[in-house]
Novice: 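Right, I'll just put the structure down here and ask away after.
As the structure is a computational prediction, the values presented were derived from the model and not from experiment.
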Amino acid sequence: MSWVFLRDLLSGVNKYSTGIGRIWVAVVFIFRLLVYIVAAENIWKYEHDEFECNVKQPGCENVCFDHFFPISHIRLWALQLIMVSTPSLLVIFHVAYRENREKHHNQKLYKSPGKIDGGLLCTYLISLTLKTGFEVVFLVLFYKLYNGFKVPPLVKCDVRPCPNTVDCYISKPTEKMIFLWFLVATSCLCIVLNLSELSYLIFKYSIQCYLKRYIQKHE
Amino acid sequence: MDWGALHTILGGVNKHSTSIGKIWLTVLFIFRIMILVVAAEKVWGDEQDDFVCNTLQPGCKNVCYDHFFPISHIRLWALQLIFVSTPALLVAMHVAYRRHEKKRQFRKGDQKCEYKDMEEIRKQRFHIEGSLWWTYTSSIFFRLVFEAVFMYAFYFMYDGFRMPRLMKCNAWPCPNTVDCFVSRPTEKTVFTIFMIAVSSICILLNVAELCYLLTKFFLRRSKKAANQKQHPNHENKEETKQNEMNELISDSCQNTVIGFSS
């Protein structure tokens, strides 16, 4: 059980997506998942070992690390990737439900089970909204937990059992900040793609609905 | 999930590349990605652990390491490889789009469609003509730009391509100036020069491919112009047939982008 599962999930989603949806899958796959696995994970690998405080007091380093990193950047990043990819499962489940229904009734109920219309359109729109919501929530979480998207090289810690205020040094702060900004940029790009797809679908189907009614009126 | 996934995605694009494009892809996978994964990552594996400064001052090592290596060589190469591989996706998407259009025509029973079944549409190879030529050429151009940008960033950040053995650091909280020693500097220099050399080869291959495509384009145009002068009607027929061929070709790219779904 590893990231391969997410890769397979995203590949499945690709089949039932619009053009913009496919670009979203490509961005998540290459610029977020791949970058996470081949580059970012290694930066945070020894973050606790390399976190050093200017004190010999046992326990002080542990306590300070825990105070400044309640949840590590890299774990939050992984959670974000998982949560943002999961709403697409709704679409896959709905298509599977449609296919099962057709099999059960032994007749063609839909033009094509994978075509985005009717109930599947609602599911698709809901999944887009959820994806955007999760992206925003995680960005806000990152911002609130770490006071912006900066990683300072030095933090001052005065939590017990540290005597007075102690200087603690974070390892590779610049590299971490570069990748954090990369994460923010790709998140924002994904939000823009989701919102465009949402507007495109709503616009397309409103026009279709309007035209249908217009034609019916004239008949 | 790792570089293998990128290989699957790009492997599909390979079918529709020129010969130089295929060589470029091979060089990318064997001499860059494979070297990065099996060798370079191990050389840089212990970079911070074995970065030693001649001081007992806590925090000095961290700060000096961060000062001299704002972003590690390995990560910069990984990002460079990802960015350089991505423009090929533009071609893959264009091809998939055209194939989708052709499939739609085929399903509607359009008589213009010359394919017997969907399999033929799926397997049909693509020629780089028409709007696909523009997409392909832009993708090569972007590749060149990304390669150049990363090479310059490398040169700018590390003051050349050599890894020194000793660095002098006086960032706070280090007391005065402190000697810091990099682990495996010679091995790192060797790999850095190797990666830069292969990057340069890739740039040359891209430039050659660009020249080849431009030459082909201009030759085709001059042939067309010459033909049109001699046989205006005959030329139109030939052109229409060529255009139809191009359209047919453009549908056959389903496998490229859908390295995802396979």
Novice: For chain B, which candidate among A:Thr174, A:Ile178, A:Leu154 shows the most heavy-atom pairs at distances under 4.5 Å?
Specialist: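 So the answer, after comparing A:Thr174, A:Ile178, A:Leu154, is A:Thr174.
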Novice: The criterion is disulfide bond (SG atoms under 2.5 Å apart); which residues satisfy it with B:Cys202, sequence neighbours excluded?
Specialist: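 Here no residue qualifies.
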Novice: Rounded to the nearest 0.5 Å, what's the gap from CD on B:Glu187 to CH2 on B:Trp44? Could you check?
Specialist: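 Here the interatomic distance stands at 8.5 Å.
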Novice: With a 4.5 angstrom heavy-atom cut-off, could you sort out which part of B:Leu79 is near chain A: side chain, backbone, both or neither?
Specialist: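 When you check distances to chain A, only side chain atoms of B:Leu79 fall under 4.5 Å.
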Novice: Does the side chain of B:Tyr65 pick up a donor-acceptor pair with the side chain of A:Glu50 at under 3.5 Å?
Specialist: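 No.
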Novice: Just how far is it from atom CG of A:Asp49 to atom CZ of A:Phe65, taken to the nearest 0.5 Å?
Specialist: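 One finds 9.5 Å between CG of A:Asp49 and CZ of A:Phe65.
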Novice: Report, by ascending residue number, the residues of residues 168-176 of chain B in heavy-atom contact with chain A at a distance under 4.5 Å; give 'none' if the set is empty.
Specialist: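 Counting heavy atoms that sit under 4.5 Å from chain A, the residues of residues 168-176 of chain B involved are B:Trp172, B:Pro173.
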Novice: Hey, what do you get for A:Cys157 versus A:Cys64: SG atoms under 2.5 Å apart or not?
Specialist: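 Looking at A:Cys64 and A:Cys157, their sulfur gamma atoms lie closer than 2.5 Å, so the answer is yes.
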Novice: Calculate, to the nearest 0.5 Å, the distance between atoms CD1 and NE2 belonging to B:Ile33 and B:His7 respectively.
Specialist: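 Answer rounded to 0.5 Å: 8.5 Å.
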Novice: Heavy atoms under 4.5 Å from chain A: which residues of residues 144-153 of chain B carry them?
Specialist: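 Result: none.
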Novice: Going through the checks in order, is the disulfide bond (SG atoms under 2.5 Å apart) test met by A:Cys60 and A:Cys53?
Specialist: CA-CA 8 Å; A:Cys60 177; A:Cys53 289; 5.0 Å; no
Novice: Quick check: are there more than 12 heavy atoms from other residues, nucleotides or ligands sitting under 6.0 Å from NZ of B:Lys22?
Specialist: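 Yes, enclosed.
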Novice: Output the distance between atom CG (B:Leu28) and atom OG (B:Ser85), rounded to the nearest 0.5 Å.
Specialist: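 With rounding to 0.5 Å, CG (B:Leu28) is 4.5 Å from OG (B:Ser85).
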Novice: Once side chain to side chain donor-acceptor pair (under 3.5 Å) is applied, what residue pairs with a partner in residues 178-190 of chain A remain, sequence neighbours excluded?
Specialist: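 Counting only pairs at least two positions apart or across chains, the side chain to side chain donor-acceptor pair (under 3.5 Å) contacts touching residues 178-190 of chain A are A:Arg32-A:Ser187, A:Gln80-A:Ser187, A:Glu135-A:Ser187.
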Novice: Under 4.5 Å heavy-atom distance to chain A, tell me which part of B:Ser72 shows up: side chain, backbone, both or neither.
Specialist: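 Both backbone and side chain.
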Novice: SG to SG below 2.5 angstrom is the rule I want applied to B:Cys53 and B:Cys180. Does it hold?
Specialist: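 The sulfur gammas are closer than 2.5 Å, so yes.
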Novice: What option among B:Val63, B:Ile82, B:Asp49, B:Leu36 has the most heavy-atom pairs under 4.5 Å with chain A?
Specialist: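 Winner by heavy-atom pair count: B:Ile82.
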